[in-house]
Student: 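Take this structure first; my questions come after.
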Number of protein chains: 2
Amino acid sequence: MEHLLDKPTQLAMIQPVTDAIYAINGKWKLPILICLSFEKMRFGQIANDIPNITDRMLSKELRELEANRLVKRTIFDSGPVKIEYSLTDHGRSLHDVIIALHNWGVEHRKVIFKH
Amino acid sequence: MEHLLDKPTQLAMIQPVTDAIYAINGKWKLPILICLSFEKMRFGQIANDIPNITDRMLSKELRELEANRLVKRTIFDSGPVKIEYSLTDHGRSLHDVIIALHNWGVEHRKVIFKH
DNA sequence: CCGCATCCTTATAGATACTG
DNA sequence: CAGTATCTATAAGGATGCGG
């Protein structure tokens, strides 16, 4: 990215990047998405996998992720009602972002903690 | 990422991703980093390139980016004092993250607006 | 022109209790 | 189990003005 792009192109990147950040912002959205990237899960399972998240936050974040079409909520009311959360195709398309964040996060930790 | 990783591996990813998110969180950090990825800049230039940012926020975010070693602040006091901000190597290493966010952001906009 | 300090408002997150 | 309601604490962001 160093001098590969001209200035207008560079500035034009800001909006999509901002859009992306807004869709995954907050403390819990990525953890939730990572959980769901493995398998579809029920509310309580997600809460178990993510330390310290409260029901209120999990509920709130799930609704926002649904509004942004990253997560799908499915109700099975055969017998006892059961609700499952899963990624949409669009949610799965975050894969590259998550990998990039993960790789950078590992390096970042080294930089911050080595001195 | 779909069923390629086992559960413990998946959960272990959460921390580095959270670290990364924290380093670039807030409304303005990515826009600032994108600006600086083109060239080193002075305070006022950055403020001009990023619509609506206030001096207070720019100042605050720059200090946080410096603390996280993403941005370097250089003072030239030859004659009139001049201050330049530039990316560190570590800041430049965010390139892949920014590209991934950008690519996904473009698709996200399509998904959201096509209804 | 560059940037910080103060004050103020809004947004986000947490604790706790409670419901169908 | 899968949440909601209420209330409080903290963080993020904005307006404005000052000083080098």
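So you know, we letter chains A, B, ... as the sequences are listed, proteins then strands, and number each from 1. All heavy atoms count here, side chains included; hydrogens, waters and symmetry mates do not.
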Student: Between protein and nucleotides 10-20 of chain D, map the contacts as a letter string: B base, S sugar-phosphate only, - none, heavy atoms under 4.0 Å, written 5' to 3'.
Tutor: ---BBB-----
Student: Atom CG of B/L58 to atom P of C/dA5: distance rounded to whole Å?
Tutor: 15 Å
Student: Can you list everything that forms a side-chain hydrogen bond (donor to acceptor under 3.5 Å, both in side chains) with A/K29? Sequence neighbours excluded, please.
Tutor: A/N25, A/E61, A/E64
Student: Report yes if at least one side-chain N or O of B/R42 is closer than 4.0 Å to OP1 or OP2 of C/dC1; otherwise report no.
Tutor: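 Answer is no, no contact under 4.0 Å.
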Student: Of all the choices, D/dA2, D/dT4, C/dC2, which nucleotide is nearest to the side chain of B/I83 once you look at every atom?
Tutor: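 Closest nucleotide to the B/I83 side chain: C/dC2.
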Student: Atom CG in A/L87, atom CG in A/L65: separation rounded to 0.5 Å?
Tutor: 9.0 Å
Student: Distance check needed: C/dC1 C1' versus B/E84 CD, whole Å only.
Tutor: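 Whole-Å distance recorded here is 15 Å.
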Student: Using whole Å, what does the distance between atom C1' of nucleotide D/dG3 and atom CD1 of A/I46 come to?
Tutor: 12 Å
Student: As an exercise, state the distance from CG of B/D49 to CG of B/L58, rounded to the nearest 0.5 Å.
Tutor: 11.0 Å
Student: Looking at A/R63, does any N or O in its side chain come under 4.0 Å of the phosphate oxygens OP1/OP2 on D/dA2?
Tutor: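 Answer no for this pair, as no side-chain N or O of A/R63 is under 4.0 Å from OP1 or OP2.
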Student: Can you measure B/M41 atom CE to C/dC2 atom C1' for me and round it to whole angstrom units?
Tutor: 14 Å
Student: Give the rounded distance in Å between these two atoms: OH of A/Y85 and C1' of D/dA2.
Tutor: 7 Å
Student: Rounded to the Å, how far apart are B/L62 CG and C/dC2 C1'?
Tutor: 11 Å
Student: For the pair B/R63 and B/E66, find out whether any cationic side-chain nitrogen is under 4.0 Å from an anionic carboxylate oxygen.
Tutor: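 No.
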Student: Grab the CG-P distance between A/N48 and D/dA2 for me, whole Å please.
Tutor: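 Atom-to-atom, A/N48 to D/dA2, this comes out as 10 Å.
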Student: If you measure from the Lys or Arg side-chain nitrogens to the Asp or Glu carboxylate oxygens, is any gap between A/E84 and A/K82 under 4.0 Å?
Tutor: yes
Student: For the aromatic rings, using the six-membered ring if either is Trp, is the centroid distance between B/H95 and A/W104 under 6.0 Å?
Tutor: no
